[in-house]
Number of protein chains: 2
Amino acid sequence: MKSAKTVLRQYLKNNGLLASKQREQVLNVFLKTEKHLTVDDLYELVRKKNPRIGLATVYRAMRVICDAGLAREADFGDGSKRFEHKYKHQHHHHLVCLKCGRVIEVMSPEIEKLQQKLTKKHNFTPVRDTMKIFGTCRKCKRKGE
Amino acid sequence: MKSAKTVLRQYLKNNGLLASKQREQVLNVFLKTEKHLTVDDLYELVRKKNPRIGLATVYRAMRVICDAGLAREADFGDGSKRFEHKYKHQHHHHLVCLKCGRVIEVMSPEIEKLQQKLTKKHNFTPVRDTMKIFGTCRKCKRKGE
DNA sequence: ACAACAATTGACCATAATTCTCAATCTCAT
DNA sequence: ATGAGATTGAGAATTATGGTCAATTGTTGT
Ligand SMILES: [Mn+2]
Ligand SMILES: [Mn+2]
Ligand SMILES: [Zn+2]
Ligand SMILES: [Zn+2]
């Protein structure tokens, strides 16, 4: 299986885009984490390697990385977009703690099945889906009393 | 069953808030539609009745209306919050057409069950949840070729 | 009905995330 | 190495939303 870097390189070439140093740097910091980071988080991380990089460049790089199929946007309703891995990671949903912000990843093939059933019934062609459950996590429940 | 207006009035009284003319006007236009409207949509509608109302007032009114349990926020990823009915309307999910923007409301008690199972397994206390499937709707599929 | 007090409004400013602009710089096929 | 075209970085622009505050309104007790 191709490495993420190779996937990006190929995507760039196939679309007449250039393999800039910045794009690779952004991809590198993105690959190093399994967290759900904002553009600003990633910006701060890339700056450690390349202090001259611009914030707009990180925005642009993440869009390309998404288009290449390596990342996916995730929105937890806190005001900024976040990114998570898409390549070599299976599709999942999120439990989001309203108290501490923790995000728990969950999978459910049964729900996927029911989603298919739903879209078929409405003759709707699904492209992507998202499910989030907001509430209180195990840890915060214990602390809360 | 109490009317939405009564629910709002009671919520206001119970919380030391005033029943202003503007809050009732915003509630009225919100109640008249079953669509998913933005604050700006609602602003334009209220202006027909009260051209002197301010945009910030509509923002503030919709927050109160949500807090009172009459409306719920819905985000379809197009840059602005939307609002939908919560009172006298059962919980549902959305199919969002990426071509025409149409939003189809769907219900699935089976999915709700599986969600419960998921949260229980993680000892997570759910407060609210949202599921959206993005794709191409029936009509756009036909037109598309 | 009225006065007193607190809440609300509307106009405008502030903020924050994201995108745009453009001259300078970089990439890459030749 | 070179030139055409893509990208970058800095800063301005945009957009949704929230904050400020003096003027106004709603409520409550008289
Ligand atoms: Mn995730
Ligand atoms: Mn709805
Ligand atoms: Zn928590
Ligand atoms: Zn459509």
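Source: prediction; values computed, not measured. Just so it is clear: chains get the letters A, B, ... in the order the sequence lines come, proteins before strands, and each one is counted from 1.
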Ring pair (Phe, Tyr, Trp, His ring centres under 6.0 Å): pairs with one or both residues in residues 62-84 of chain B, sequence neighbours excluded: B:His36-B:Phe76, B:Phe76-B:His94
Between A:Tyr59 and A:Arg63: side-chain donor-acceptor atoms closer than 3.5 Å: no
Close approaches to DNA chain D from residues 75-87 of chain B, in residue order (heavy atom, under 4.0 Å): B:Gly79, B:Ser80, B:Lys81
Integer-rounded Å distance: D:dT7 P and A:Ile65 CD1: 13 Å
Of A:Val58, A:Thr57, A:Val64, the residue whose pairing with A:Arg23 passes side chain to side chain contact (heavy atoms under 4.5 Å, CB included): A:Val64
Within 6.0 angstrom of A:Gln116 CD, more than 12 heavy atoms from elsewhere: no
Straight-line distance of A:Arg72 CZ to A:His85 NE2, nearest 0.5 Å: 11.5 Å
Shared hydrophobic cluster, B:Val103 / B:Leu42 (ILVMFWY, side-chain heavy atoms < 4.5 Å): no
With the criterion being N/O to N/O and under 3.5 Å, what pairs connect the protein with nucleotides 22-27 of chain D, and how long is each?
unit_1 : atom_1 : unit_2  : atom_2 : d
D:dT27 : OP1    : B:Ala19 : N      : 3.4

Option passing side chain to side chain donor-acceptor pair (under 3.5 Å) with B:Glu105 (candidates B:His92, B:His93, B:Gln90): B:His92
Closest non-hydrogen atom pair, B:Ala4 against B:Leu70: O-CD1, 3.6 Å
Protein-nucleotide distance (B:Leu8, atom CG; C:dT8, atom P), rounded to Å: 11 Å
Touch class at under 4.0 angstrom, heavy-atom based, for A:Arg60 against every strand present: base
B:Tyr59 vs A:Leu55, nearer the 5' end of DNA chain D by closest nucleotide: A:Leu55
Difference in axis direction between the ends of the helix from C:dA1-D:dT30 to C:dT30-D:dA1, five pairs, 10°: 40°
5' precedence on DNA chain C between B:Ile53 and B:Gly16 (nearest-nucleotide basis): B:Gly16
Residues A:Lys21, A:Glu24: salt bridge by 4.0 Å N-O rule: no
Short side-chain to backbone donor-acceptor contact, B:Thr33 and B:Val29, under 3.5 Å: no
Interatomic distance, B:Glu24 CD vs C:dT8 P [rounded to whole Å]: 13 Å
Sugar-phosphate, base or nothing in reach of B:Arg23, heavy atoms under 4.0 Å: sugar-phosphate
Linked, directly or transitively: B:Val96 and B:Leu37 (ILVMFWY side chains, under 4.5 Å): no
A:Lys117: partners by side-chain hydrogen bond (donor to acceptor under 3.5 Å, both in side chains), with sequence neighbours left out: B:Glu110
Gap between atoms CG and P, on A:Asn15 and C:dT27 respectively (whole Å): 19 Å
Check: D:dG18 base within 3.5 Å donor-acceptor of B:Arg63 side chain: no
Aromatic contact, A:His91 with A:His89 (centres under 6.0 Å): no
Exercise: identify the closest heavy-atom pair between A:Ile104 and B:Phe124: CD1-CD1, 4.1 Å
Neighbours of DNA chain D within residues 26-49 of chain B, by heavy-atom distance under 4.0 Å: none
